[in-house]
Asker: 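Pasting a structure below so you can have a look.
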2 protein chains.
Amino acid sequence: MAKPSKENSPITEHLAYLLAQANREINRQLELRLSKEGVPVEQWRILKVLSDGNGHSMGELAGAVLLNHPTLTKMIDRMVSDTLVYRVQDPNDRRKVLMFISDRGKVLCRKLNSLAVDQEEHILESYGDKSTSELKRLLESLIDSSN
Amino acid sequence: MAKPSKENSPITEHLAYLLAQANREINRQLELRLSKEGVPVEQWRILKVLSDGNGHSMGELAGAVLLNHPTLTKMIDRMVSDTLVYRVQDPNDRRKVLMFISDRGKVLCRKLNSLAVDQEEHILESYGDKSTSELKRLLESLIDSSN
DNA sequence: CTTCAATTCTTGAATATTCAATATTTTCAA
DNA sequence: TTGAAAATATTGAATATTCAAGAATTGAAG
């Protein structure tokens, strides 16, 4: 009897692949909804993080929205042009830039939130309440265990 | 008592975000290992799919490795230059191109597989056998329910 | 105090990805 | 059989991302 070897297991059985596939699919669905407002997913994340009204530095934001630093800078440039957010130099540490959400940004963010909630509800329906919360729990713990 | 509103839930509680975060982290780890051979994750996936020795069309491959069509074409161009894979026109349908893995590709694929297995084992250790298989199960079912 | 290393953000060039258009072949209806 | 529509892959231009270098500020050791 041959020993089952991991080396030959199909790509579809790898955790990394399943994560990529699921992420891609869910992200695609979310993109589709947010495109109603013409906003990419990352911009929604940025608005959402800033919507606590506090200033957030670029470094902080980059971590929170899963973008690397230069990419974030350029995306923020666009959002500033669209007057969704604005920059303020941190008075306590002038290397830093604090980002704030504008009123226009807040209005947009509310619309986007409700589109996103639509999606989550759609997932809950087709995938189930129990599976969803269990999946979230497992993902959180995976992320934890990776640090 | 205020009704708990999903609209204000922090971004970190959204399934889409947790998936993105987990995917990013696991992918980063895998990238790190594969970089020992100087190969991006997508190329490993391509080699792995082709390593069944059968010819696979570009469309098929694009679906399997989660790349869109033009991106795949250009990545395959690079891999052909590196003589890891080669193109053959499908004799049954000359619109199609069948991709095959070369001997050099096979050798590289074996090395990459063992690097990837290293990672999976590392995950099993820190995250646990049970959680891992449960997570995989849930991801598969999420992907299923999204079609 | 001064200077040197570390931190934070931005910029520009190199690279990669995507969108739209194109070329080729097949399918299928008239 | 012919001609129009669909399927498949590639190309080139437009966009976006990344890497490496740079500018500004802070921290901290001497």
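Chain A is the first sequence line, chain B the second, and so forth, proteins listed ahead of strands; every chain is numbered from 1. The model shown is predicted, which means the values in this text are computed figures rather than measured ones.
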Asker: Separation of A/M58 atom CE from C/dT11 atom C1', in whole Å?
Answerer: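 Taking CE of A/M58 and C1' of C/dT11, I get 13 Å after rounding.
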Asker: Applying ring pair (Phe, Tyr, Trp, His ring centres under 6.0 Å), which residue pairs with at least one partner in residues 86-125 of chain B are found, sequence neighbours left out?
Answerer: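 As it turns out, the ring pair (Phe, Tyr, Trp, His ring centres under 6.0 Å) pairs with a partner in residues 86-125 of chain B, which skip direct neighbours, are B/Y86-B/F100.
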Asker: Output the rounded distance in Å from NE2 (A/H56) to P (C/dC9).
Answerer: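 From A/H56 NE2 to C/dC9 P: 13 Å.
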Asker: Polar-atom pairs under 3.5 Å, protein N or O versus N or O of nucleotides 25-29 of chain C: list them with distances, or write none.
Answerer:
residue	atom	partner	partner atom	Å
C/dT26	OP1	B/R94	N	3.1

Asker: Can you pull the salt bridge (Lys or Arg N to Asp or Glu O under 4.0 Å) pairs that have at least one residue in residues 137-147 of chain B, sequence neighbours excluded?
Answerer: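 As it turns out, the salt bridge (Lys or Arg N to Asp or Glu O under 4.0 Å) pairs with a partner in residues 137-147 of chain B, which skip direct neighbours, are B/E134-B/R137.
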Asker: Hydrophobic clusters join Ile, Leu, Val, Met, Phe, Trp and Tyr when side-chain heavy atoms are under 4.5 Å apart, directly or via other members; which others share one with A/I143?
Answerer: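 For the cluster that includes A/I143, the remaining residues are A/L15, A/L18, A/L19, A/I26, A/I123, A/Y127, A/L135, A/L138, A/L139, A/L142, B/L15, B/L18, B/L19, B/I26, B/I123, B/Y127, B/L135, B/L138, B/L139, B/L142, B/I143.
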Asker: Walk along nucleotides 16-23 of chain D from 5' to 3' and tag each nucleotide B, S or - by protein heavy-atom contact under 4.0 Å, base first, then sugar-phosphate.
Answerer: -SBBB---
Asker: Quick test of your reading: applying side-chain hydrogen bond (donor to acceptor under 3.5 Å, both in side chains), list the pairs with at least one residue in residues 64-75 of chain B, sequence neighbours left out, ordered by first then second residue.
Answerer: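 The answer is B/N68-B/T71.
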Asker: What is the distance from CD of B/E60 to C1' of D/dA9, rounded to the nearest Å?
Answerer: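 From B/E60 CD to D/dA9 C1': 14 Å.
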Asker: Output side-chain donor-acceptor pairs under 3.5 Å for residues 51-58 of chain A, partner residues at least two apart or in another chain, one line each.
Answerer:
residue	atom	partner	partner atom	Å
A/S51	OG	A/K48	O	2.7
A/D52	OD1	A/N54	N	2.9
A/D52	OD1	A/H56	NE2	3.1
A/D52	OD2	A/N54	ND2	3.4
A/D52	OD2	A/H56	NE2	2.9
A/H56	ND1	A/E60	OE2	2.8
A/S57	OG	A/E60	N	3.2

Asker: How long is the line joining CD1 of A/I76 and P of C/dT8, in whole Å?
Answerer: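 These atoms are roughly 17 Å apart.
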Asker: For B/D77 and D/dT10, what is the distance between atoms CG and P respectively, to the nearest whole Å?
Answerer: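 Going from CG in B/D77 over to P in D/dT10 covers 7 Å.
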Asker: When you check the phosphate oxygens OP1 and OP2 of D/dA9, does a side-chain N or O of B/S57 lie under 4.0 Å from one of them?
Answerer: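 Checking D/dA9 against B/S57, a side-chain N or O does come within under 4.0 Å of OP1 or OP2.
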Asker: Kindly compute the distance separating CG (A/L98) from CD (A/Q89), expressed to the nearest 0.5 Å.
Answerer: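 If I round to the nearest 0.5 Å, the distance is 9.0 Å.
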Asker: I'd like to check the salt bridge (charged side-chain N to carboxylate O under 4.0 Å, His left out) partners of B/D103; sequence neighbours left out, ordered by chain and number.
Answerer: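 Once residues adjacent in sequence are excluded, the partners of B/D103 under the salt bridge (charged side-chain N to carboxylate O under 4.0 Å, His left out) criterion are B/K106.
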Asker: Send over the distance from A/K96 NZ to C/dT10 C1', rounded to a whole Å.
Answerer: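 For the pair A/K96 NZ and C/dT10 C1', the rounded distance is 17 Å.
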Asker: Which residue pairs pass the side-chain hydrogen bond (donor to acceptor under 3.5 Å, both in side chains) test with at least one member in residues 33-46 of chain A, sequence neighbours excluded?
Answerer: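 The answer is A/W44-A/N113.
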